[in-house]
Trainee: 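I have a structure I would like to understand better, so I am pasting it below and will then ask my questions one at a time.
Every chain is numbered from 1 and lettered A, B, ... according to where its sequence line falls, protein lines coming before strand lines.
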Amino acid sequence: MKILLRAGESRWLAPAAVLGAVVLTLLLTAGPIRLAGANPVAAYQRYTINPLTTPGGIGDVLLAATPLLFTGLAVAVAFRVGYFNIGAEGQFLAGAIAATIPGLYLPGLPAALALPLAAASGALGGLLWGFLPAFLKRRAHIDEVVTTLLLNPVALLLVQGLLNGPWRNSETGFPDSDRYGAGYTLPTLAEGSRVHWGFVIGLALVVVVFVVMSFTPLGLRLRAAGQSPGAARFSGIRVTTLQFRSALVSGALAGLGGAVQVLGVQHQLTASISNGYGYTGVVVATLGALTAGGVLLVSLLLGDIAVGAQNASIALQLPTQMGAIVSSTLLLAVVALLAARRYRVVLRRPFVRRRSTAERGDS
Amino acid sequence: MDFPLLAVLAATLTIATPLVWAALGALINERAGILNLGIEGTMYAGAFVGFLTAVTTGNPYLGLGTAVVAGLAAGALMGLLTVTLGVNQHVAGIGTTLLLVAACDFTNRLLFATGTQQAAASFERWFPGLGVLAQYPMTFVAFLVLAPLLWWVLRSTGFGLRLHAVGENPEAADAAGIPVARTRYAALMLGSALMAVGGSFLTLSLLGTFTLDIVSGRGWICIALVIFGRWKVWPVVAGALLFGFTDALQLQLAITPLFSGVPNELLIAFPYLVVIAALAVWGRRVRYPGAYLTPYRRA
């Protein structure tokens with residue numbers, strides 16, 4: 001047996017690799033599910049199909065997908081230009097903090113003023129949290145991966161510090177903030193549903209990013225800068241400036257996600273507000289091939305799995321962390337098999353000369 | 001107020017220990033051209049697996065051994081993804097971290113569902129009467145064995161030079177007959193094993209138990225330390241000591257009346273900010289290994 005580089009690539013290979021990755025993920029995660037004493041088939045059914053069988057379940061999926069839309073877009077926008085922002089977690093938290101400031105100190109504002117103010121504040125907070133790494137990258141060529149990563153625990157500490165200090169709940173004394181003024185509630189989409197307008201905002205941003213990336217000169221420059229920075233620079237595109245601005249937009253998107261999460265779901269700041277959404281954003285953006293449409297699809301899929309994992313933890317006594325195992329295994333399986341499609345396996349006698357040109361066509 | 005200098009120095013060595021192990025592991029990876037963002041998850045796995053073994057067997061040495069095995073496995077996974085398949089290293093690393101953390105939390109939840117964390121059999125400090133020198137065994141090994149040994153291996157042995165070659169110029173290394181893929185696998189597995197030992201220090205020496213989020217960004221610190229130390233053993237150790245010192249200082253200040261008004265979390269965040277500042281000052285325009293982030297395929 002011998003493994004050789006493939007000469008060409010056929011159209012069905014990428015979808016086949018993704019399908020293969022799904023099957024591989026199911027096989028690999030069956031082991032731990034059995035270990036937990038649950039039936040893998042029943043578990044997968046809960047993870048994927050069950051949440052979608054009731055209107056309430058679908059609502060929960062949309063609700064779970066909402067923060068992922070923002071962090072997924074944030075990561076995709078940055079990665080696309082070759083800026084590896086792995087700090088969406090910190091920027092999401094910074095956005096939640098920034099949106100809390102008007103929520104606590106200007107509680108009397110009517111919704112028409114309060115919501116735009118809090119959302120803008122959140123976006124600005126995320127942008128500012130992303131500014132330092134972007135600035136250091138631009139001015140001193142300091143690797144953004146490290147600085148964005150390091151600022152994630154700092155943002156969490158800032159949240160905890162605020163909640164243990166000035167923003168401690170004045171009624172209960174617990175480390176979560178007071179509830180915001182009445183105007184700071186993102187309305188729900190339908191009576192009795194928990195899905196709020198944040199999902200619609202996320203959808204609108206997906207459309208905006210799609211249009212900008214696909215149909216504008218700016219989008220062309222962004223894609224060029226990411227795919228081949230040397231050639232882009234040669235044709236007069238200012239790559240570092242584009243990266244810097246994308247980094248700020250990325251931070252603002254993640255920060256807006258944090259604001260939307262506190263305004264739409266919690267109505268107060270809590271230490272567990274993020275739940276790893278920033279890191280999951282890397283999964284969402286990568287599986288979504290760094291495209292806006294892909295981010296939407298993968299957000300919904302991971303939202304589905306997250307809701308399913310909640311249900312399965314009650315119905316099958318399967319710890320919720322299984323959901324994270326499934327999504328991270330899926331990520332690794334997809335990137336692995338997409339990379340593996342560059343190779344072909346020749347089973348025997350690779351030295352026998354066959355019809356090499358014909359073979360190139362059908363592989 | 002007299003400042004307890006000796007206590008702070010002793011704490012510096014203790015806090016720096018897991019960072020020395022894991023950062024030198026990351027250094028080995030990066031010398032071979034691979035940025036291993038799986039470090040956070042690998043440390044977490046080392047901490048959890050070591051703890052689990054020590055709880056069930058009552059022997060911390062066995063815990064250390066299984067942590068090494070977990071690290072080797074994590075390194076092999078990274079090798080499969082980044083060396084054999086040539087996946088984007090950022091994505092492979094973050095994916096590995098997410099998977100390992102989720103797998104450990106899942107297992108932790110299955111085995112210790114009641115929420116009561118058991119204490120594991122853990123290492124005792126050596127030389128309890130000697131002030132600064134009363135340290136855990138892994139601290140002595142880190143500073144007196146690991147760092148000098150690695151320094152010597154990297155600069156004077158065939159393996160060290162091969163690592164350097166595949167990290168700087170894999171084409172030339174390949175032409176010279178060095179097996180690039182095998183060397184990179186070796187680097188990843190060895191480096192990841194060191195990261196796992198660093199993680200296991202947290203459970204088997206420092207705390208004696210396992211808590212969720214126990215690594216809390218130490219892996220990212222190590223990645224920064226390697227850049228800060230410009231891929232050289234002693235500067236990386238010095239960086240770990242700098243972080244250890246700021247963290248020890250922070251812990252000391254937290255119990256000092258003068259600083260009682262400062263929020264604890266601000267003090268805990270201080271060392272992270274010091275590392276970023278150090279990076280901003282000394283990390284400018286550093287020269288990365290020639291084949292950093294680049295998979296190698298024969299043309």
Trainee: Check the pair B:Ile223, A:Leu149 against side chain to side chain contact (heavy atoms under 4.5 Å, CB included), reporting the backbone distance first and the verdict last.
Mentor: CA-CA 10 Å; B:Ile223 297 291; A:Leu149 274 173; 5.8 Å; no
Trainee: Sub-4.5 Å heavy-atom contacts with chain B: which residues of residues 156-165 of chain A show up?
Mentor: A:Leu157, A:Gln160, A:Gly161, A:Asn164
Trainee: Measure distances from A:Phe84 to the heavy atoms of chain B and classify the residue's part below 4.5 Å as side chain, backbone, both or neither.
Mentor: side chain
Trainee: What distance separates B:Leu98 CG from A:Tyr279 OH, expressed to the nearest 0.5 Å?
Mentor: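 If we round to the nearest 0.5 Å, B:Leu98:CG and A:Tyr279:OH are 8.5 Å apart.
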Trainee: Side chain, backbone, both or neither: which part of B:Ile94 has a non-hydrogen atom closer than 4.5 Å to chain A?
Mentor: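 Side chain only.
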Trainee: In the structure I gave you, are the side-chain heavy atoms of B:Leu81 and A:Leu332 within less than 4.5 Å of one another anywhere?
Mentor: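 With C-beta onward as the side chain, the pair touches.
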Trainee: Heavy-atom cut-off 4.5 Å, strictly under: side chain, backbone, both or neither for B:Ala280 against chain A?
Mentor: both
Trainee: Drop me the distance from A:Thr148's OG1 to B:Trp220's CH2, to the nearest 0.5 angstrom.
Mentor: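 Rounded to the nearest 0.5 Å, the OG1-CH2 separation comes out at 9.5 Å.
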Trainee: Measuring only between side-chain heavy atoms, which start at C-beta, is B:Ile276 closer than 4.5 Å to A:Leu132?
Mentor: yes
Trainee: Heavy-atom cut-off 4.5 Å, strictly under: side chain, backbone, both or neither for B:Leu99 against chain A?
Mentor: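 Looking at B:Leu99, backbone and side chain both touch chain A.
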Trainee: Residue by residue, which of residues 318-329 of chain A have a heavy atom closer than 4.5 Å to a heavy atom belonging to chain B?
Mentor: A:Leu318, A:Pro319, A:Gln321, A:Met322, A:Ala324, A:Ile325, A:Ser328, A:Thr329
Trainee: By a 4.5 Å heavy-atom criterion (distance strictly below it), what part of A:Asp143 contacts chain B: side chain, backbone, both, or neither?
Mentor: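 For A:Asp143, the contact with chain B is made by backbone and side chain together.
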Trainee: With a 4.5 Å cut-off on side-chain heavy atoms, are A:Leu150 and B:Leu273 touching?
Mentor: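 B:Leu273 vs A:Leu150: side chains apart.
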Trainee: Checking heavy atoms, do the side chain of A:Ile86, its backbone, both or neither come under 4.5 Å from chain B?
Mentor: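 Looking at A:Ile86, just its side chain touches chain B.
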Trainee: Enumerate the side chain to side chain donor-acceptor pair (under 3.5 Å) contacts for residues 78-101 of chain B, please, sequence neighbours excluded, ordered by first and then second residue.
Mentor: B:Thr84-B:Tyr185
Trainee: Examine whether an atom of A:Val335 lies under 4.5 Å from a heavy atom of chain B, and if so say whether it belongs to the side chain, the backbone or both; otherwise answer neither.
Mentor: both
Trainee: For A:Leu136, which atoms come within 4.5 Å of any heavy atom of chain B: side chain, backbone, both, or neither?
Mentor: side chain
Trainee: Using atom types as modelled, flag every donor-acceptor pair under 3.5 Å from a side chain in residues 241-248 of chain B to any protein atom, sequence neighbours excluded.
Mentor:
residue, atom, partner, partner atom, Å
B:Thr246, OG1, B:Leu242, O, 3.3
B:Thr246, OG1, B:Phe243, O, 2.8
B:Asp247, OD1, B:Gln250, NE2, 2.7

